[in-house]
Amino acid sequence: FSNQTLAQIDLWENKGKYLVAVTNLSLKDQTLSVKLDKGFFSGKRKVVDAETKDVVNVQNNSWSVNIPRRNYKLYLIEK
């Protein structure tokens, strides 16, 4: 995220699977670009929206997400 973005990203690992929480801390809706380290995607990994179970389109180690104000999205990442 840029320095101007009021957002937070948290990542937890359990046995090679990851839970990622992307939180919009702003009072406005935001479109956020989530970019993880290139080394993180060195193996083939799949990013899934934890709520809808939709597979997320990841390009150049990143994806975009629209998050309403003071809200969050959860993602599951696995091989």
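Source: prediction; values computed, not measured.
Cluster annotation: Tyr72 and Trp12 are assigned to the same hydrophobic cluster (Ile/Leu/Val/Met/Phe/Trp/Tyr, side-chain heavy-atom contacts under 4.5 Å, transitive). Residues Val20 and Val48 are members of separate hydrophobic clusters, defined by side-chain heavy-atom contacts under 4.5 angstrom among Ile, Leu, Val, Met, Phe, Trp and Tyr.
Between Ala21 and Leu74, the shortest heavy-atom distance links the atoms CB-CD2, 3.6 Å. In plain terms, the two heavy atoms of Ile77 and Arg45 that are nearest each other are CG2-CD, 3.8 Å. Closest non-hydrogen pair, Gln30 versus Leu32, comes out as OE1-CD2, 3.7 Å.
Judged by distance alone, the side chain of Thr23 and the main-chain N or O of Leu25 form no donor-acceptor pair under 3.5 Å.
You'll find the side chain of Asp29 reaches within 4.5 Å of the side chain of Pro68, heavy atoms only.
Counted within 6.0 Å of CD on Glu13, heavy atoms from surrounding residues, nucleotides or ligands total more than 12; the atom is thus considered enclosed.
Atom NZ of Lys73 and atom CG of Asn66 lie 9.0 Å apart (nearest 0.5 Å). Between the CZ atom in Arg70 and the CG atom in Leu6 there is a gap of 8.0 Å [rounded to 0.5 Å].
With Tyr18 as reference, Leu11 is the one residue of Leu76, Leu36, Leu11 to meet the side-chain contact (heavy atoms from CB on, under 4.5 Å) rule. Results of the side-chain contact (heavy atoms from CB on, under 4.5 Å) test with Tyr75 over Val56, Ile9, Leu19 single out Val56 as the only residue that passes.
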